[in-house]
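Below is one structure, written out as structure tokens; the observations come after it.
Only a predicted model underlies this, so the values are computations on that prediction, with no experimental measurement involved.
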Amino acid sequence: MSVDPDTLLAILAMMAATVACRLVGLLLPAGIEWRGRLAAGLEAMPVAVLAAIVAPTLLATGWAETLAGAAVLLAAWRLPLTAVIVIGIVAAAGFRALAA
Amino acid sequence: MSETSFPTADSTLTEFRDGVLATLPAIAAAVPFAVLIGALAVDRGLSIAESGLMSALVFAGASQFVALDGWTLPAPWLTLGLTALVVNMRHGLMSVSLMRRLGRFPRWARPVALFFMVDEIWAFAEARGRGRPLTPAFYAGLVAFFYPSWVAGTLAGAVLGRMLPDPKAFGLDFTFIAIFVFLIFTYRARPGFALTLLASSGTAVLVHLVWPGAWSIMAGALAGILAAAFGPRAAS
């Protein structure tokens with residue numbers, strides 16, 4: 001249960017980098033209202049970030065992931081979140097088993 | 001207005017409970033990955049204490065995975081710190097966006113809230129803040145079980161070591177994909193939705209093909225934001 005100084009330093013460096021990224025918003029006042037192009041860009045942020053996270057997995061990993069992604073996409077159009085998650089897990093496990 | 005300005009103990013509890021409930025599926029998905037990170041960490045030569053400490057202090061799954069992948073002893077702190085910086089850069093954008101929702105938080109609570117802002121917590125907080133004011137109680141509910149589960153899962157993985165199966169084989173990583181795709185679609189009525197989606201996912205895939213790693217997230221996110229800001233406004 002020891003803590004190595006080099007490892008501790010590395011963990012603290014990772015923490016500092018992560019916290020610095022997460023606190024960037026503090027440079028702005030809370031509850032700020034945006035207008036014009038800035039507002040349009042900011043409002044698009046959730047979709048832009050989430051799409052950039054999932055797209056490489058869904059479109060550039062393998063056909064099992066792409067097919068499972070298509071199933072999730074269809075499900076997300078109509079069904080509640082729990083159903084979408086179950087369909088995603090089953091589709092990913094199934095298509096990967098077929099691809100293996 | 002007085003009812004909303006002075007929340008009762010009852011409404012605080014309801015808000016907290018809503019926050020906890022929102023994260024339950026995400027916790028079920030995150031724990032197997034925390035276990036995997038713990039197992040990976042001891043495999044790379046970290047002690048059980050160090051593995052748990054990393055999850056408690058860094059609390060950023062993707063960057064922990066990438067860092068452990070390239071971990072050598074003695075740990076190259078500068079390289080690992082820069083890796084975390086690149087992988088977590090998207091959190092800078094996310095915190096800028098989330099600040100709009102933190103108007104009801106006491107000043108001291110804002111950095112605390114942002115410390116815990118992993119992808120899932122941010123996404124749930126943003127989704128909540130669209131329909132109604134985001135309260136500190138709801139946000140506390142988001143963190144209350146998610147964070148301890150992440151640390152406990154890592155410790156469990158470090159103790160169990162490498163006797164564990166890969167969660168990807170069971171499709172468990174698709175829980176995150178499903179949650180994120182679902183959240184993306186909740187925004188589909190917004191003007192410029194399709195343009196943002198195409199610009200972001202197209203750019204992310206292209207960058208990923210040329211240069212695999214964390215840059216695809218930043219590049220895709222920026223492309224989506226720029227497309228929304230400078231593209232044609234569908235219904236302005």
Side-chain angles (χ1 to χ4, degrees), chain A residues 1-4 6-26 28 30-32 37-38 40-60 68-69 72-73 76-77 81-82 84-85 87-93 96, chain B residues 25 46-50 53-54 57-58 60 67 74-75 77 80-81 84-85 88-100 102-103 110-111 114-115 117 126 170-171 174-175 177-178 180-185 187 192 196-197 200-201 204-205 208-209 216-217 220-221 224-225 228-229:
Chain A
M1 296 296 274
S2 62
V3 176
D4 173 75
D6 285 317
T7 300
L8 181 65
L9 185 62
I11 291 173
L12 291 178
M14 288 178 67
M15 179 194 185
T18 307
V19 169
C21 292
R22 287 181 184 164
L23 295 188
V24 162
L26 288 180
L28 306 162
I32 193 168
R37 293 192 187 282
L38 265 175
L42 207 62
E43 274 161 25
M45 210 177 281
V47 172
V49 175
L50 293 173
I53 293 174
V54 298
T57 302
L58 296 186
L59 300 173
V72 168
L73 227 64
W77 203 264
L81 177 60
T82 323
V84 179
I85 291 173
I87 288 170
I89 291 173
V90 172
R96 277 176 185 158
Chain B
L46 276 74
S47 68
I48 294 169
E50 289 163 352
L53 199 63
M54 181 199 250
L57 295 180
V58 182
W77 66 271
L80 294 169
L85 192 70
N88 293 324
M89 236 175 229
R90 66 181 183 282
H91 288 147
L93 295 176
M94 287 152 66
S95 76
V96 167
S97 174
L98 192 63
M99 275 308 276
R100 291 178 302 162
L102 299 188
R110 289 170 195 159
L114 291 175
F115 173 86
M117 193 197 63
E126 285 278 355
F170 298 98
F174 258 69
T175 312
I177 303 275
F180 291 161
V181 168
F182 183 86
L183 288 170
I184 288 172
F185 273 98
Y187 292 89
T196 306
L197 191 61
S200 169
S201 46
V205 167
H208 171 82
L209 290 175
S216 63
I217 298 177
I225 291 161

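Residues A:Thr18 and B:Ala84 come closest through the heavy atom pair OG1-CB, 4.1 Å.
For chain A, the nearby part of B:Leu46 is the side chain; its heavy atoms alone come within less than 4.5 Å. Within the 4.5 angstrom heavy-atom criterion, only side-chain atoms of B:Glu126, from C-beta onward, approach chain A. For A:Val19, the part sitting under 4.5 Å from any heavy atom of chain B is the side chain, from C-beta outward, and nothing else. Within the 4.5 angstrom heavy-atom criterion, atoms from both the backbone and the side chain of B:His91 approach chain A. Contact of B:Arg100 with chain A is made through backbone and side chain together, with heavy-atom distances under 4.5 Å. Proximity to chain A (any heavy atom under 4.5 Å) is shown, for B:Leu57, by both the backbone and the side chain.
Residues B:Val96 and A:Val24 meet the side-chain proximity criterion, which asks for heavy atoms closer than 4.5 Å. The shortest side-chain heavy-atom distance between A:Val54 and B:Phe174 does not fall under the 4.5 Å cut-off. Contact check for A:Thr82 versus B:Pro25: no side-chain heavy atoms found under the 4.5 Å cut-off. Side-chain contact check for A:Met45 versus B:Met94: every heavy-atom pair is 4.5 Å or farther apart. Residues B:Leu85 and A:Cys21 have side chains in contact (heavy-atom distance under 4.5 Å, counting atoms from C-beta outward). Between A:Leu8 and B:Leu53, the closest side-chain pair of non-hydrogen atoms falls below 4.5 Å. Residues A:Leu59 and B:His208 fail the side-chain proximity criterion, which asks for heavy atoms closer than 4.5 Å. Side-chain contact between A:Leu73 and B:Phe185 is present, with at least one heavy-atom pair separated by less than 4.5 Å.
Contact count against chain A (heavy-atom pairs under 4.5 Å) is highest for B:Pro111 among B:Pro111, B:Ala67, B:Gly220. Comparing B:Leu183, B:Val181, B:Leu197 by how many heavy-atom pairs each has under 4.5 Å with chain A, the most go to B:Val181.
Distance alone, capped at 3.5 Å, is enough to place a donor-acceptor pair between the A:Arg22 side chain and the B:Phe115 backbone. Judged by distance alone, the side chain of B:Glu50 and the main-chain N or O of A:Thr7 form no donor-acceptor pair under 3.5 Å.
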